[in-house]
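As the structure is a computational prediction, the values presented were derived from the model and not from experiment.
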Amino acid sequence: MTFSFRPTYEDPHLAGLVDRLRTYLDGELADYERDRGITRDTRLTRADLEPVWQRSRELGFYGIHLPKEYGGQALSNLRLAALKEEIGACGRVLGHSVLGDMGGPLRAGDILKHATEHQLTTYLLPLIRGERACCFSLTEADAGSDVRSMTTTATPDGDGYRLTGHKVFSSAGPFADFAIVVARAAGTENSFSAFLVDLDSPGCSVVEGATPMSGEHIESDIILTDCHVPAANLLGEEGQGLKIALGRVTNNRLLHCPTAIGAARRALQLTRDRALTRKAAGGRPLMELQSVQHKLADMATDLYAARSMTYAALVALDRGADVRAEAFMCKLFVAESVFRTLDQAVQIHGKDGLTQGNEIEYLFRKMRMFRVLTGTSEIQRNGIARSLVTLA
């Protein structure tokens with residue numbers, strides 16, 4: 001894999017998908033955002049997102065990773081990663097809605113194998129078609145990395161369950177129709193179940209969550225107060241909740257990386273362009289300063305290393321290899337190296353890099369979060385260390 005700001009692929013099918021995706025992101029979607037006045041500061045509404053879900057579905061991108069019987073193309077992890085990288089690199093505000101990250105199939109696709117016919121018909125197939133949206137509610141204020149510390153409980157009650165608890169950081173909550181909620185079986189220490197919860201149910205409140213440092217208004221708190229959930233909405237079997245929630249943790253850990261790699265790619269290109277056009281003190285272009293050259297060299301090297309290790313691990317995953325250790329390593333290195341890249345990008349952009357409304361400033365805040373979200377860097381190091389103990 002050679003270094004490039006616009007990677008090319010020998011796989012003809014993937015090359016065609018990437019070309020079509022770039023055309024949509026840089027053309028029609030960019031026009032849509034401009035016509036509606038959508039910027040990174042816009043408080044998005046369901047009305048902003050639904051047309052993107054539907055158009056992306058028409059173009060074949062929404063849920064493209066799903067099996068063919070659900071309208072997808074059964075993409076390999078490698079092909080999906082290449083598309084996610086393009087989303088990260090495109091600079092589009094609504095890029096998260098094209099493949100289904102924002103409340104769509106990328107959030108819920110893996111639970112299809114656990115769903116009953118009723119759950120497919122009522123919840124998941126409409127989700128895949130872009131008619132409904134969901135959020136995933138696992139995290140609590142005191143149960144982040146240690147999800148087993150959750151206090152949300154599910155108590156059997158006649159023909160269903162009563163759920164009580166407070167979930168935080170439910171991404172896509174402001175736009176969702178239902179939530180996938182994981183709760184502890186009341187009276188137990190280590191039994192968790194997953195439920196499909198209609199967000200307009202009595203006893204369920206969706207309130208605005210804390211605004212993350214990225215400034216995006218995409219999070220909600222889900223407050224459950226003796227909320228009745230029918231037995232038909234139990235996802236899988238009782239006690240399988242964490243298995244369902246974390247069942248593809250290695251895949252998901254790896255597939256979070258390409259979006260961040262795409263963000264680093266965009267930041268590097270924006271910074272390179274600035275260094276070529278901006279004058280330093282004395283009238284020389286920034287690019288003539290060796291200190292700037294070295295920063296850009298380090299940024300490019302980090303990007304190449306992050307891409308190479310991530311895509312190598314994805315190739316192995318697609319072959320059926322056990323890449324748990326590699327997934328920990330990729331998440332750690334990508335999170336830390338991408339943040340270094342954005343830190344240097346801010347430095348080279350100077351005042352503009354410190355100014356709200358500048359894309360580099362936004363990406364800096366967004367990528368700082370990646371060192372915590374989907375598993376902190378410390379959690380990744382713990383996993384790597386454990387893998388070394390059993391290494392042959």
Side-chain angles (χ1 to χ4, degrees), residues 107-120 122-124 134-173 176-207 209-210 219-253 324 327-328 372-376 378-380 382-383 386:
R107 287 282 174 182
D110 193 50
I111 69 171
L112 290 169
K113 62 178 178 283
H114 301 286
T116 65
E117 192 63 34
H118 162 72
Q119 292 166 354
L120 283 171
T122 307
Y123 295 96
L124 301 181
C134 77
C135 61
F136 191 78
S137 297
L138 178 66
T139 303
E140 298 180 6
D142 296 315
S145 296
D146 181 14
V147 295
R148 294 178 184 275
S149 297
M150 72 175 67
T151 59
T152 298
T153 58
T155 304
D157 179 37
D159 61 346
Y161 302 83
R162 295 282 176 180
L163 270 60
T164 296
H166 188 154
K167 298 292 187 179
V168 301
F169 274 96
S170 294
S171 298
D177 302 289
F178 65 95
I180 302 165
V181 176
V182 179
R184 179 192 302 276
T188 72
E189 291 186 4
N190 202 33
S191 180
F192 303 88
S193 296
F195 303 88
L196 299 172
V197 179
D198 291 295
L199 293 177
D200 59 357
S201 299
C204 178
S205 299
V206 181
V207 301
E219 311 288 349
S220 287
D221 286 12
I222 308 297
I223 302 173
L224 302 160
T225 307
D226 204 28
C227 176
H228 183 264
V229 178
N233 285 26
L234 172 68
L235 191 59
E237 299 177 2
E238 288 187 352
Q240 286 190 327
L242 286 185
K243 179 181 178 181
I244 291 170
L246 305 175
R248 289 184 72 239
V249 65
T250 295
N251 303 49
N252 291 338
R253 185 174 289 125
R324 281 174 290 183
F328 283 124
V372 174
L373 298 180
T374 70
T376 65
E378 290 72 23
I379 291 292
Q380 311 311 313
N382 290 345
R386 286 196 303 270

**Q** Do D159 and H228 have side chains that get closer than 4.5 Å, going by heavy atoms?
**A**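 Yes, their side chains come closer than 4.5 Å.
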
**Q** So for atom CG, which belongs to D157, do other residues, nucleotides or ligands contribute more than 12 heavy atoms lying within a distance under 6.0 Å?
**A** yes

**Q** Provide the closest heavy-atom pair for K167 versus S170 in the form atom of the first, atom of the second, distance.
**A** CB-OG, 4.2 Å

**Q** How many angstroms lie between atom OG1 of T250 and atom CZ of F328, to the nearest 0.5 angstrom?
**A**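 Answer rounded to 0.5 Å: 6.5 Å.
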
**Q** So which heavy atom on F195 is nearest to which on A183, and how close?
**A** CE1-CB, 4.3 Å

**Q** Which value, rounded to the nearest 0.5 Å, describes the distance between I111 atom CD1 and I180 atom CD1?
**A**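 Rounded to the nearest 0.5 Å, the CD1-CD1 separation comes out at 3.5 Å.
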
**Q** Locate the shortest heavy-atom distance separating A210 from E219; write the atom from each residue and the value.
**A**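 Heavy atoms of A210 and E219 come nearest at O-CB, 4.1 Å.
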
**Q** For the residue pair R253 and Q380, establish whether any side-chain heavy-atom pair is separated by less than 4.5 Å.
**A**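 Contact flag for R253/Q380 side chains = yes.
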
**Q** Quick one: CZ on R148 to CG on N190, what's the gap to the nearest 0.5 Å?
**A**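 That separation rounds to 4.5 Å.
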
**Q** I need the minimum non-hydrogen distance between R184 and T188, along with the two atoms involved.
**A**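 The answer is CD-O, 3.2 Å.
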
**Q** State, yes or no, whether a side-chain contact exists between T116 and L234 at a heavy-atom distance under 4.5 Å.
**A**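 With C-beta onward as the side chain, the pair stays apart.
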
**Q** Okay, side chain of E378, backbone of V372: is any donor-acceptor separation there less than 3.5 Å?
**A** no

**Q** Quiz question: by atom type and distance under 3.5 Å, do the side chains of Y161 and N233 form a donor-acceptor pair?
**A**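 Absent: no donor and acceptor within the cut-off.
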
**Q** Please report the shortest heavy-atom distance between G209 and D221, naming the atom on each side.
**A** CA-OD1, 3.5 Å

**Q** Which one of M150, K243, Q240 satisfies the side chain to side chain contact (heavy atoms under 4.5 Å, CB included) criterion with F192?
**A** M150

**Q** Test side chain to side chain contact (heavy atoms under 4.5 Å, CB included) on N252 and T374; report intermediate values, then the result.
**A** CA-CA 9 Å; N252 291 338; T374 70; over 6 Å; no

**Q** Using only heavy-atom distances, determine whether the side chains of E140 and T151 contain a donor-acceptor pair under 3.5 Å.
**A** yes

**Q** To check you understand the geometry: which heavy-atom pair defines the closest contact between A172 and C135, and what is its length?
**A**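 Taking every non-hydrogen atom into account, C-CB, 4.1 Å.
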
**Q** Could you walk me through whether T152 and V182 pass side chain to side chain contact (heavy atoms under 4.5 Å, CB included), step by step?
**A** CA-CA 8 Å; T152 298; V182 179; over 6 Å; no

**Q** With rounding to the nearest 0.5 angstrom, report the NE2 to CG distance, H118 to L196.
**A**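 With rounding to 0.5 Å, NE2 (H118) is 8.0 Å from CG (L196).
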
**Q** Is there a side-chain contact between V206 and I222 (heavy atoms, below 4.5 Å)?
**A**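 SC-SC contact between V206 and I222 confirmed.
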
**Q** Do the side chain of R162 and the main chain of D226 share a donor and acceptor less than 3.5 angstrom apart?
**A**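 A pair under 3.5 Å: yes.
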
**Q** Indicate yes or no: at least one non-hydrogen side-chain atom of S205 is less than 4.5 angstrom from one of T225.
**A** no

**Q** When you measure from the side chain of T139 to the backbone of V168, do you find a donor-acceptor pair of N or O atoms at a distance under 3.5 Å?
**A** no

**Q** Tell me, do T153 and L163 make a side-chain contact under 4.5 Å, heavy atoms counted?
**A**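 SC-SC contact between T153 and L163 ruled out.
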
**Q** Assess the side chains of D198 and Y123: does a donor N or O sit below 3.5 Å from an acceptor N or O?
**A** yes

